[in-house]
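Quick notes on the structure that follows.
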Amino acid sequence: MVNGAEGRCPTIEGDNVKFLLIMHSNPQIWDALTEEERNAVMRGHGAFMETITKSGEMISTTALADPSQSAVVRVRGGVAAVTDGPYLESKEYLGGYYLVECDSQKRAFELAALIPDAGVEGLGIEVRPVVFAGTADG
């Protein structure tokens with residue numbers, strides 16, 4: 001396992017497994033970076049996407065807008081109420097993700113370490129196995 005992760009997560013092995021590599025963002029950390037550092041992170045995503053596309057491990061990726069642009073829908077008593085987002089007030093928020101398919105959890109950890117955000121002090125990449133995925137095609 002990677003850096004003491006042994007025992008905390010089950011090893012996922014076998015035929016190719018899907019993993020969600022989740023990028024959490026923290027505006028205070030991002031704003032503390034220089035413009036050059038922010039640009040390097042953004043360029044790094046292009047290189048990462050190229051790497052996982054060439055290896056055949058890329059399924060999809062999504063970058064999300066700032067939480068200030070979100071809304072929350074709640075239904076109470078059969079009536080929908082829409083309020084300005086985000087859903088939770090917090091320092092960190094979901095910034096985006098990569099959905100990959102690889103042969104092991106260890107490989108998913110290796111891929112997560114290649115995402116440039118993982119190298120930014122105070123940020124990290126959450127690696128979570130996918131247990132179900134559906135599509136519009138059925």
Side-chain angles (χ1 to χ4, degrees):
M1 287 289 173
V2 177
N3 292 337
E6 189 171 291
R8 288 192 285 141
C9 325
T11 301
I12 310 294
E13 304 287 338
D15 293 334
N16 285 352
V17 179
K18 292 181 175 110
F19 292 90
L20 199 60
L21 309 180
I22 305 166
M23 296 169 288
H24 296 277
S25 187
N26 182 321
Q28 290 177 332
I29 292 172
W30 186 253
D31 291 344
L33 298 176
T34 66
E35 184 176 348
E36 184 178 314
E37 290 169 326
R38 288 191 297 268
N39 288 337
V41 168
M42 299 311 289
R43 282 191 308 274
H45 280 278
F48 177 72
M49 287 188 283
E50 185 176 329
T51 296
I52 63 175
T53 298
K54 283 182 181 177
S55 70
E57 295 167 305
M58 168 85 132
I59 295 174
S60 65
T61 186
T62 299
L64 300 173
D66 187 271
S68 65
Q69 298 180 28
S70 68
V72 177
V73 178
R74 291 181 176 89
V75 178
R76 302 294 182 265
V79 178
V82 180
T83 57
D84 291 340
Y87 183 73
L88 298 173
E89 293 296 324
S90 71
K91 292 180 184 178
E92 294 183 349
Y93 60 88
L94 178 62
Y97 65 84
Y98 290 98
L99 180 60
V100 298
E101 187 170 20
C102 51
D103 62 3
S104 68
Q105 188 177 50
K106 179 181 178 188
R107 177 60 179 157
F109 291 160
E110 292 169 354
L111 293 176
L114 296 176
I115 297 173
D117 305 55
V120 176
E121 187 67 36
L123 299 181
I125 306 300
E126 181 180 348
V127 177
R128 192 177 301 178
V130 174
V131 296
F132 174 80
T135 65
D137 298 335

Worksheet entry | Summary of ring-ring contact (aromatic ring centres under 6.0 Å, His included) pairs that have at least one residue in residues 48-81, sequence neighbours excluded | Phe48-Tyr98

Worksheet item: Can any side-chain N or O of Thr53 pair as donor or acceptor with the backbone N or O of Glu50 at less than 3.5 Å?
Response: no

Practice prompt. Report yes or no: do His45 and Asp117 form a side-chain donor-acceptor pair below 3.5 Å?
Written response: yes

Worksheet entry | Partner set under side-chain contact (heavy atoms from CB on, under 4.5 Å) for Val82, not counting sequence neighbours | Ala71, Val73

Worksheet item: How about Arg107 and Val100: do any of their side-chain heavy atoms sit closer than 4.5 Å?
Response: no

Worksheet item: So, do Met23 and Ile125 sit near enough that their side-chain heavy atoms are less than 4.5 Å apart?
Response: yes

Item to complete: Only counting residues at least two apart or in another chain, list the ones meeting side-chain contact (heavy atoms from CB on, under 4.5 Å) with Leu94.
Response: Ile22, Leu64

Fill in: Pairwise distance CD1(Ile115) to CG(Leu123) - rounded to 0.5 angstrom
11.5 Å

Worksheet item: Would you call Ser104 and Phe109 a side-chain contact if the rule is heavy atoms closer than 4.5 Å?
Response: no

Worksheet item: Are Glu35 and Arg38 within salt-bridge range, i.e. N to O under 4.0 Å?
Response: no

Practice prompt. Say whether, by atom type as modelled, one donor and one acceptor occur between the side chain of Glu37 and the main chain of Thr34 under 3.5 angstrom.
Written response: yes

Practice prompt. Could you verify whether a donor N or O on one side chain and an acceptor N or O on the other, from Asp137 and Thr135, lie under 3.5 Å apart?
Written response: no

